[in-house]
Amino acid sequence: MSKPVLGLILGTVLGIFDGLTALLEPDIATSPEVGSAMTGILLGSSVKGLLAGLIIGFFARKVTSLRSGLIFGALVGLALATLVAAMPDPSGKHYWLQIMIPGTIVGLILGYATQRYGKPTAAH
Amino acid sequence: MAWLSNNLLQHLQELVQLPDLSATRYRLLAKHAQGGMGTIYLAEDTQLQRTVALKVLHVPDASGEWSARLLREARVIAQLEHPSIVPVHDVGTLPDGRVFYVMKFVQGRRLDQYARSECALPNRLRIFQKVCEAVAFAHASGVIHRDLKPENIMVGAFGEVQVMDWGLAKIVAAGETGKTPDGSGHQLGDASRPVAHGGAHPTQHGTVLGTPAYMAPEQQRGEVDDIDQRTDVYALGAILRFLLYGPVPGAVAHKSGSRLFQSAGGGKIPKPLAAIVATAMAASKEQRYATALALAHDIERFLNGLSVSSYRESPLEIVWRWLRRYQFMVLLVLVYLLVRFLLFFWLRP
């Protein structure tokens with residue numbers, strides 16, 4: 001499996017998991033429209049994870065350095081999470097920390113995984 | 001006075017034995033080592049201007065038997081073109097009739113010396129893996145070493161490995177190394193340095209050749225016809241035992257349980273590695289690894305944090321190995337979960 005594909009799959013899985021943790025938020029869990037809210041969160045979170053994984057995977061294919069991979073992963077995770085956190089919920093509330101900190105850690109995980117695993121170049 | 005005369009006599013003897021290389025392209029530099037059959041000298045190849053090792057018979061051989069053996073040894077090594085097998089450059093005859101061959105001068109430390117200074121287990125295992133691969137190559141070429149031991153393996157400054165001293169090697173047809181040879185193959189003997197007794201001809205049935213601590217049971221019993229690549233696998237197992245536990249003087253242990261040996265350094269040896277040693281050194285050939293490559297493969301799997309074929313793990317051990325293999329990943333996931341947990345309580349309205 002190439003590094004971008006690994007990043008894409010792992011990013012999507014982690015994104016879905018990250019989205020599911022939104023159920024821990026009482027505001028969302030107790031909301032009367034929890035279904036539609038969760039659908040939006042899961043969709044946004046998985047796309048965020050997918051994009052992060054793909055970008056970090058391509059970076060890992062170009063740069064072979066665990067340190068650089070971790071830093072780049074964290075930055076990409078943080079940047080995408082910031083974009084998502086900038087979008088408020090219907091009541092106008094922002095979840096900056098709840099999205100940005102875990103998003104950064106997801107980026108770190110992706111950075112590490114794509115540096116350690118996956119084929120460095122596409123198979124010919 | 002007697003001591004003086006003995007020393008003088010020995011010195012004179014060495015002077016007489018010094019090879020006359022005047023008719024060759026080599027210039028003698030120094031005596032390097034002495035074996036049972038021949039002496040190894042350092043020499044300079046005057047044409048290529050490099051240092052080489054030159055193995056010469058101790059004394060002129062009237063019968064021609066030892067000359068033939070030395071030549072056979074050179075031919076065996078020459079067949080084995082592998083980065084981890086010392087290459088032979090040239091063969092020749094001195095004016096006094098002694099046969100010699102020239103090989104690469106290997107710089108580095110013997111494996112036993114290396115093991116004394118190198119403490120990191122993965123590094124030792126990687127060196128051992130290279131030895132296994134070189135031996136597997138020889139087996140594929142139809143050659144069984146029969147005298148594998150740490151003293152016959154050199155380790156270079158950059159971790160390169162050279163398997164040396166093929167004087168006891170046995171040639172069987174390529175591809176037959178896994179089967180019991182029919183005894184028709186050539187057998188090379190360097191009779192005196194390792195154990196060699198039991199028959200008029202060093203490789204006849206009933207003759208014991210090798211070094212006791214590294215000899216397989218069939219080799220100890222002198223069952224020449226029963227020797228195949230699994231005999232070398234046993235010796236490789238004994239080398240691995242040495243690398244893990246240190247020297248076991250005169251001990252020849254066979255598979256009988258999960259833990260066979262005591263660690264020389266007192267350190268804890270992982271059970272899969274102990275099982276690899278036990279399997280490689282099984283008393284019965286059938287219970288050993290079928291090939292040196294299979295042994296190398298298990299070492300590689302261990303180094304990569306995977307299960308090995310010779311050890312059946314408990315579910316707890318599987319989980320523990322998995323956690324160790326992916327420890328940083330597991331740590332990151334735990335950090336993620338911890339952050340989620342903390343955020344949940346910290347930002348709770």
Side-chain angles (χ1 to χ4, degrees), chain A residues 6-7 9-11 13-31 41 45 49 52-53 56 60 66-67 69-71 73-74 77-78 81 85 89 91 93-118, chain B residues 83 119-130 133 158-160 270 272-273 293 296-309 313 315 317-349:
Chain A
L6 173 71
I9 294 170
L10 189 62
V13 171
L14 289 174
I16 292 169
F17 181 78
D18 198 30
L20 283 172
T21 56
L23 284 171
L24 294 172
E25 289 300 324
D27 290 354
I28 296 167
T30 56
S31 160
I41 289 169
S45 188
I56 295 166
L66 187 61
R67 188 193 175 102
L70 286 171
I71 293 170
L78 179 65
D89 71 357
S91 66
K93 188 182 175 185
H94 286 278
Y95 296 91
W96 294 107
L97 290 177
Q98 292 93 325
I99 295 173
M100 285 168 66
I101 296 177
T104 307
I105 299 172
V106 166
L108 271 174
I109 294 172
L110 288 170
Y112 178 77
T114 51
Q115 285 292 332
R116 279 293 305 269
Y117 312 106
Chain B
C119 298
L121 184 62
N123 291 350
R124 290 179 183 210
L125 292 178
R126 279 187 200 101
I127 293 292
F128 177 72
Q129 205 183 345
K130 289 180 189 173
E133 285 163 4
F158 300 98
E160 65 274 28
L273 280 181
L293 215 51
H297 186 61
D298 249 4
I299 294 292
E300 191 180 357
R301 287 185 65 83
F302 176 81
L303 283 169
N304 289 334
L306 299 168
S307 61
V308 301
S309 67
E313 294 171 306
E317 284 172 321
I318 292 171
V319 171
W320 181 240
R321 178 172 52 74
W322 194 89
L323 287 176
R324 279 171 64 91
R325 188 177 184 210
Y326 299 104
Q327 54 186 326
F328 193 72
M329 196 72 140
V330 170
L331 185 76
L332 284 175
V333 171
L334 285 177
V335 167
Y336 173 88
L337 292 173
L338 184 71
V339 165
R340 273 282 174 217
F341 184 77
L342 290 175
L343 285 172
F344 175 72
F345 285 103
W346 182 35
L347 299 172
R348 205 167 183 177

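Side-chain atoms are counted along with the backbone in the values below, which use heavy atoms only and exclude waters and symmetry mates. Chain letters run A, B, ... following the sequence lines, proteins first, then strands; residues in each count from 1. If you're wondering where the values come from, they're calculated on a predicted model, not measured in any experiment.
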For A/Leu70, which atoms come within 4.5 Å of any heavy atom of chain B: side chain, backbone, both, or neither? side chain
Identify which part of B/Leu337 has an atom lying under 4.5 Å from any heavy atom of chain A, answering side chain, backbone, both or neither. side chain
Portion of A/Leu110 that has a non-hydrogen atom of chain B nearer than 4.5 angstrom: neither
Below 4.5 Å from any heavy atom of chain A, which atoms of B/Val339 appear? Answer side chain, backbone, both or neither. side chain
I need the A/Tyr117 OH to B/Met329 CE distance, nearest 0.5 Å. 6.5 Å
Under 4.5 Å from a heavy atom of chain B, the part of A/Tyr95 involved: neither
Might you point out which heavy atoms bring A/Gln98 and B/Arg340 nearest each other, and give the distance in Å? O-NH1, 3.0 Å
Residues A/Leu108, B/Tyr336; criterion side chain to side chain contact (heavy atoms under 4.5 Å, CB included); working and verdict: CA-CA 10 Å; A/Leu108 271 174; B/Tyr336 173 88; over 6 Å; no
Looking at CD1 of A/Ile105 and CG of B/Leu338, how far apart are the two atoms once the value is rounded to the nearest 0.5 Å? 8.5 Å
Over 12 non-hydrogen atoms of neighbours within 6.0 angstrom of CH2 in A/Trp96: yes
